[in-house]
Amino acid sequence: MRIKMHLLLSMVFGVFFQHSFAQAGDVETIKKLNQDWLHSIAHRDSATLANILADDFVMISPNGAKLSKKDNLSMVASAQIEYQSINVDSIDVRLLNDDVAIVSCWLTFKFKSDGKDMSGKNCYQDVYMKRDSKWVAVSAHVTLLHIINH
């Protein structure tokens, strides 16, 4: 009886720790996707962004516009804004279950638009889903906290 109890406890702890390690791996994967997303914006890399965004991706921009994946890819490829830096000030990844995660992130950025140097801060919340064993962004909502024209 005692041996069966030890085996049962070992199995329970093994499953628990395996799940915890899997969750930690998912959090790191999502943080990497977030960083790749920001890098793709700064470097006009629409191919990388296309792999991160789900085909049914929807973003609400700071001005309230509803933007699709296609809209986001067009903006990244556009030369209207030249980013000099995008820095993550804080990021929080919450796994709601094995297939859904929420990213809350605060950024500081510098860019040039129409020949003018600008800087600012924003925050956003992204929703990721695991589809066919791959994490993809399905939704985003961006809030502009402030912007300074230098």
Side-chain angles (χ1 to χ4, degrees), residues 11-150:
M11 288 174 52
V12 168
F13 284 124
V15 168
F16 172 76
F17 286 120
Q18 184 178 6
H19 184 71
S20 294
F21 287 130
Q23 284 186 330
D26 285 336
V27 167
E28 290 309 310
T29 297
I30 293 166
K31 284 183 177 180
K32 171 87 169 81
L33 287 169
N34 183 74
Q35 194 60 44
D36 290 348
W37 187 340
L38 297 174
H39 187 268
S40 71
I41 292 170
H43 295 91
R44 295 190 182 107
D45 182 358
S46 56
T48 296
L49 187 58
N51 287 322
I52 296 169
L53 304 182
D55 289 339
D56 59 342
F57 175 80
V58 174
M59 179 175 86
I60 306 302
S61 73
N63 67 3
K66 181 178 173 183
L67 304 172
S68 67
K69 176 179 181 173
K70 182 180 175 182
D71 297 330
N72 275 269
L73 295 175
S74 294
M75 284 188 315
V76 165
S78 157
Q80 291 178 340
I81 295 177
E82 178 187 335
Y83 281 94
Q84 295 153 333
S85 67
I86 302 175
N87 298 307
V88 173
D89 299 327
S90 176
I91 185 170
D92 179 48
V93 177
R94 289 185 359 201
L95 291 174
L96 300 182
N97 59 40
D98 291 340
D99 298 324
V100 178
I102 296 177
V103 173
S104 300
C105 191
W106 291 261
L107 294 180
T108 303
F109 53 86
K110 293 180 183 178
F111 66 95
K112 190 173 277 202
S113 179
D114 295 328
K116 298 177 185 171
D117 289 328
M118 315 266 296
S119 64
K121 288 183 174 269
N122 73 5
C123 63
Y124 57 86
Q125 195 162 62
D126 299 334
V127 178
Y128 282 82
M129 291 184 74
K130 193 181 276 188
R131 294 181 174 169
D132 297 325
S133 301
K134 178 186 172 192
W135 286 103
V136 291
V138 296
S139 178
H141 191 255
V142 182
T143 302
L144 183 62
L145 301 175
H146 76 268
I147 196 155
I148 300 169
N149 187 348
H150 300 279

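No hydrogens, no waters, no symmetry mates; every other heavy atom, side chains included, goes into these values.
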Visitor: Is it the case that atom NE2 in His39 sees more than 12 heavy atoms from other parts of the structure closer than 6.0 Å?
Guide: no
Visitor: May I have the list of side-chain donor-acceptor pairs in residues 50-65 shorter than 3.5 Å, sequence neighbours left out?
Guide:
from	atom 1	to	atom 2	distance (Å)
Asn51	ND2	Ala47	O	3.4
Asp55	OD1	Lys69	NZ	3.0
Asp56	OD1	Arg131	NH1	2.9
Asp56	OD2	Arg131	NH2	3.2
Ser61	OG	Asn63	N	3.4
Ser61	OG	Asn63	OD1	2.4
Ser61	OG	Ala65	N	3.1
Asn63	OD1	Ala65	N	3.0

Visitor: Can you see which heavy atom on Ser46 is nearest to which on Leu73, and at what distance?
Guide: O-CD2, 3.4 Å
Visitor: What's the separation between atom CD1 in Ile91 and atom OG in Ser104, rounded to the nearest 0.5 Å?
Guide: 8.5 Å
Visitor: Looking at Leu107, Asn87, Leu33, which one forms a side-chain contact (heavy atoms from CB on, under 4.5 Å) with Leu38?
Guide: Leu107
Visitor: What pairs with Glu28 under side-chain contact (heavy atoms from CB on, under 4.5 Å), at least two apart in sequence or on another chain?
Guide: Lys31
Visitor: Starting at CG of Asn122, measure out to OG1 of Thr143 and round the result to the nearest 0.5 Å.
Guide: 8.0 Å
Visitor: Phe111 vs Tyr83 aromatic rings, parallel, tilted or perpendicular, using cut-offs 30° and 60°?
Guide: tilted
Visitor: Taking the side chain as every heavy atom from C-beta outward, state whether Gln84 and Asp117 have any atom pair closer than 4.5 Å.
Guide: yes
Visitor: Checking Ser68 against Asp71 for the side-chain hydrogen bond (donor to acceptor under 3.5 Å, both in side chains) test, could you report, in this order, the C-alpha distance in whole Å, the side-chain angles of both residues, the deciding distance, and whether it holds?
Guide: CA-CA 5 Å; Ser68 67; Asp71 297 330; 3.2 Å; yes
Visitor: Search all heavy atoms of Ala137 against all heavy atoms of Tyr128 and return the closest pair with its distance.
Guide: N-CD2, 3.6 Å
Visitor: To the nearest 0.5 Å, how far apart are CD1 in Ile30 and CH2 in Trp135?
Guide: 4.0 Å
Visitor: Do other residues, nucleotides or ligands put more than 12 heavy atoms under 6.0 Å from Lys110 NZ?
Guide: no
Visitor: Verify, without hydrogens or angle tests, whether Ser78 (side chain) and Ser74 (backbone) share a donor-acceptor contact under 3.5 angstrom.
Guide: no
Visitor: Please report the interatomic distance NE2(His146) to OG(Ser119), rounded to the nearest 0.5 Å.
Guide: 6.0 Å
Visitor: Looking only at non-hydrogen atoms, find the nearest pair between Trp106 and Leu145 and report the distance.
Guide: CD1-CD1, 4.1 Å
Visitor: Kindly compute the distance separating CZ (Arg44) from CD1 (Ile81), expressed to the nearest 0.5 Å.
Guide: 9.5 Å
Visitor: Does either side chain, that of Asn34 or that of Tyr124, offer a donor lying less than 3.5 Å from an acceptor on the other one?
Guide: yes
Visitor: Could you tell me if Thr48 and Asp36 have a donor-acceptor pair between their side chains, going purely by distance under 3.5 Å?
Guide: no
Visitor: To the nearest 0.5 Å, what is the distance between CG (Leu96) and CD1 (Ile102)?
Guide: 4.0 Å
